[in-house]
Amino acid sequence: MPRSPFPLSDILSRLPAALAIRRIPRQEAHGNAPGASLHVGADWPRPQECLSISVRTESEEDAACHALQEEGQFLARQERWQELSDRLAAADASGRSTPGGMPETELLAYGARADVVNAVEHALGEGAPWNQRQLVDGIMALEAIRRDHRSDPYLTALIACAHIDIGWLWRGPGLEETASRAHLRRCAAHFERAAALLSKVSGLGQDSAFLAAADCSLFSARQGDTLQVADAYSRLIDLAPRNHRPMRALGVQMLPRCSGSYNALELEARRTAARTQKTWGAGAYSWVYFDALATDPEVSAHVDTRFFIDGLRDILLHVPTQAMANLLSAYCAVALGGAQMNGRPASTPREEIATAAEWLIRDHLREVHPLIWAHAAQGFDNNARVKSLRRFSARGQAQATEFIAQIFREELSRGQKIAISPDGLHMSAG
């Protein structure tokens with residue numbers, strides 16, 4: 001099927017949230033964001049004096065993701081392309097994923113193209129001229145590899161994904177920074193090349209979640225027919241139901257500013273929940289609304305609050321990990337602004353959902369994963385620039401600690417001390 005070109009106006013209008021779920025977290029951000037500054041009352045003791053909680057800088061999920069990215073990077077650096085393709089095909093056919101549901105194929109493929117993408121990111125970050133060879137040498141080398149593997153759908157899709165990554169680097173990190181028309185043209189050119197490559201493998205691998213994900217990633221830069229977009233994501237979700245990221249991407253694409261409407265968002269959330277009930281219970285309803293609710297204030301008037309909160313409970317029932325507890329807690333506290341409510345009653349559906357942070361933390365959180373909290377303060381935009389990983393992580397840890405202190409404000413005001421560890425929640429007299 002012929003693919004429409006990528007007009008500059010479409011690329012200019014895309015949401016940062018659409019990018020946040022497109023790429024694997026690799027860098028972090030700097031600067032303040034809504035919800036980034038959390039404060040307990042002035043009459044309280046400092047959180048570090050009355051609250052202790054275990055901190056885990058690398059989770060089992062982080063370790064698994066890093067190992068697979070490094071494997072893909074190693075195979076690419078050694079130019080063992082056929083071995084890489086076979087590895088991608090085997091992981092795709094088996095549906096293997098990390099403990100957090102991330103498909104092995106996506107992590108291997110990201111690692112394999114990371115050197116090329118990182119080189120472009122570095123060059124653009126240093127203000128390199130648009131025609132500098134460092135901006136094109138890497139992707140041209142990948143294109144040359146394809147000449148020897150024209151019939152290989154996995155390598156073709158991998159190169160297309162590299163074009164998509166580089167296209168977004170030319171676009172820039174967010175709407176607050178206006179890209180020049182020259183940069184937008186380069187962005188559009190990379191997306192057009194990605195579309196052309198993926199059209200060559202269209203129809204192949206009908207059971208391939210990797211190829212379906214690559215195809216869906218094109219929607220992040222252009223509007224499409226609502227039903228077409230929904231059907232494409234539905235196919236991907238059915239192929240990899242444990243991976244919540246396509247559900248989050250579907251929700252963003254169903255926003256009116258992308259390819260849908262608020263009615264379409266609600267419909268797809270319910271349809272997805274029904275199809276994935278065995279995997280997530282009601283959780284898929286929450287996943288489809290997850291980023292849409294955080295980025296578009298109007299969504300609050302359309303979400304079924306009770307269904308969403310039931311979904312949060314079911315997510316933790318099906319994936320009872322500390323990484324998931326941190327993600328959902330940070331989402332409610334920071335991305336939805338629960339930290340700014342300071343105990344006042346909820347007045348909107350969004351605020352009602354944000355108050356779920358209290359039971360999430362009291363009942364489920366047993367350790368802090370700082371990077372998750374730091375990313376929540378950036379709206380989970382993994383494309384945002386980061387100057388220092390250490391400072392970014394420290395900021396996330398401070399945000400988590402201060403908000404957890406807010407949750408236990410009544411106990412702390414009575415002079416109690418709170419200790420949270422993998423063994424559970426412990427309170428003692430101050």
Side-chain angles (χ1 to χ4, degrees), residues 20-21 59-61 64 95-103 106 209 212-213 216 230-254 260 262-294 299-300 302-333 335-336 338 346 349-367 369 372 376 380:
I21 41 191
S59 66
E60 180 184 4
E61 175 72 5
R96 288 195 297 268
S97 61
T98 65
M102 175 63 77
E106 292 192 25
C216 284
D231 286 348
Y233 274 100
S234 295
R235 173 173 169 257
L236 171 57
I237 291 165
D238 289 344
L239 289 169
R242 288 188 62 242
N243 185 7
H244 59 79
R245 295 154 192 86
M247 301 182 202
R248 295 169 62 180
L250 168 62
V252 172
Q253 290 304 316
M254 289 298 100
Y262 296 121
N263 287 338
L265 172 61
E266 172 69 9
L267 175 63
E268 292 307 316
R270 291 183 180 274
R271 286 182 59 204
T272 307
R275 294 201 322 277
T276 61
Q277 198 276 335
K278 290 184 179 179
T279 305
W280 291 105
Y285 182 86
S286 307
W287 285 133
V288 173
Y289 267 100
F290 201 82
D291 292 282
L293 181 62
V299 170
S300 181
H302 301 270
V303 65
D304 184 329
T305 306
R306 180 175 296 181
F307 200 172
F308 191 105
I309 293 175
D310 285 345
L312 295 181
R313 297 185 188 278
D314 281 353
I315 288 169
L316 281 171
L317 179 66
H318 288 81
V319 186
T321 66
Q322 282 303 295
M324 187 62 74
N326 272 265
L327 175 61
L328 300 186
S329 298
Y331 171 76
C332 291
L336 294 189
R350 174 178 165 138
E351 289 186 347
E352 186 175 347
I353 291 170
T355 62
E358 178 147 358
W359 60 261
L360 284 165
I361 290 172
R362 286 182 178 270
D363 299 344
H364 298 280
L365 195 72
R366 295 296 176 259
E367 62 188 26
H369 294 196
I372 291 177
F380 298 106

Rounded to the nearest 0.5 Å, what separation is found between the OG atom of Ser286 and the CZ atom of Arg313? 11.0 Å
Could you please spell out the steps behind the side chain to side chain contact (heavy atoms under 4.5 Å, CB included) verdict for Met102 and Glu61? CA-CA 9 Å; Met102 175 63 77; Glu61 175 72 5; 4.0 Å; yes
Of the non-hydrogen atoms in Thr305 and Pro349, which two are nearest, and what is the gap between them? OG1-CB, 3.4 Å
Within this structure, what is the CG-CZ distance for the pair Asp314 and Phe307, rounded to the nearest 0.5 Å? 9.0 Å
If every non-hydrogen atom of Pro99 is compared with every non-hydrogen atom of Arg242, which pair is closest and at what distance? O-NH2, 3.1 Å
Rounded to the nearest 0.5 Å, how far does NE2 of His318 lie from CD of Gln277? 7.0 Å
Taking the side chain as every heavy atom from C-beta outward, state whether Val252 and Arg248 have any atom pair closer than 4.5 Å. no
Which residue pairs pass the side chain to side chain donor-acceptor pair (under 3.5 Å) test when at least one of the two sits in residues 262-275, sequence neighbours left out? Asp238-Arg275, Tyr262-Asp296, Glu266-Arg270, Glu266-Tyr285, Glu266-Tyr289, Glu268-Arg271, Arg270-Asp304
Can you tell me how far the CD1 atom of Ile372 sits from the OG atom of Ser59, to the nearest 0.5 Å? 6.5 Å
Nearest non-hydrogen partners of Met324 and Leu316, listed with the distance: CG-CD2, 3.9 Å
Considering the options Leu327, Thr279, Thr276, Val319, which one meets the side chain to side chain contact (heavy atoms under 4.5 Å, CB included) requirement together with His244? Leu327
Is it true that atom CZ of Arg362 has more than 12 heavy atoms of other residues, nucleotides or ligands lying nearer than 6.0 Å? yes
For the residue pair Ile237 and Pro246, what are the closest heavy atoms and their distance? CG1-CB, 3.9 Å
What's the verdict on side chain to side chain contact (heavy atoms under 4.5 Å, CB included) for Leu365 and Leu360, showing C-alpha distance, side-chain angles and the deciding distance? CA-CA 7 Å; Leu365 195 72; Leu360 284 165; over 6 Å; no
Please check this pair: side chain of Asp291 against backbone of Gly251, looking for a donor-acceptor N/O pair closer than 3.5 Å. no
For the CG atom of Leu336 and the OH atom of Tyr331, what is their distance to the nearest 0.5 Å? 4.0 Å
Can you say whether the rings of Trp359 and His364 are parallel (under 30°), tilted (30 to 60°) or perpendicular (over 60°)? perpendicular
Could you tell me whether the side chain of Gln322 and the main chain of Arg366 form a donor-acceptor pair under 3.5 Å? yes
What's the shortest heavy-atom distance between Asn243 and Glu106, and which atoms? ND2-OE2, 4.2 Å
Scanning both residues in full, the closest heavy-atom pair of Ile361 with Ser329 reads CG1-OG, 3.8 Å
To the nearest 0.5 Å, what is the distance between SG (Cys332) and CD (Glu351)? 12.5 Å
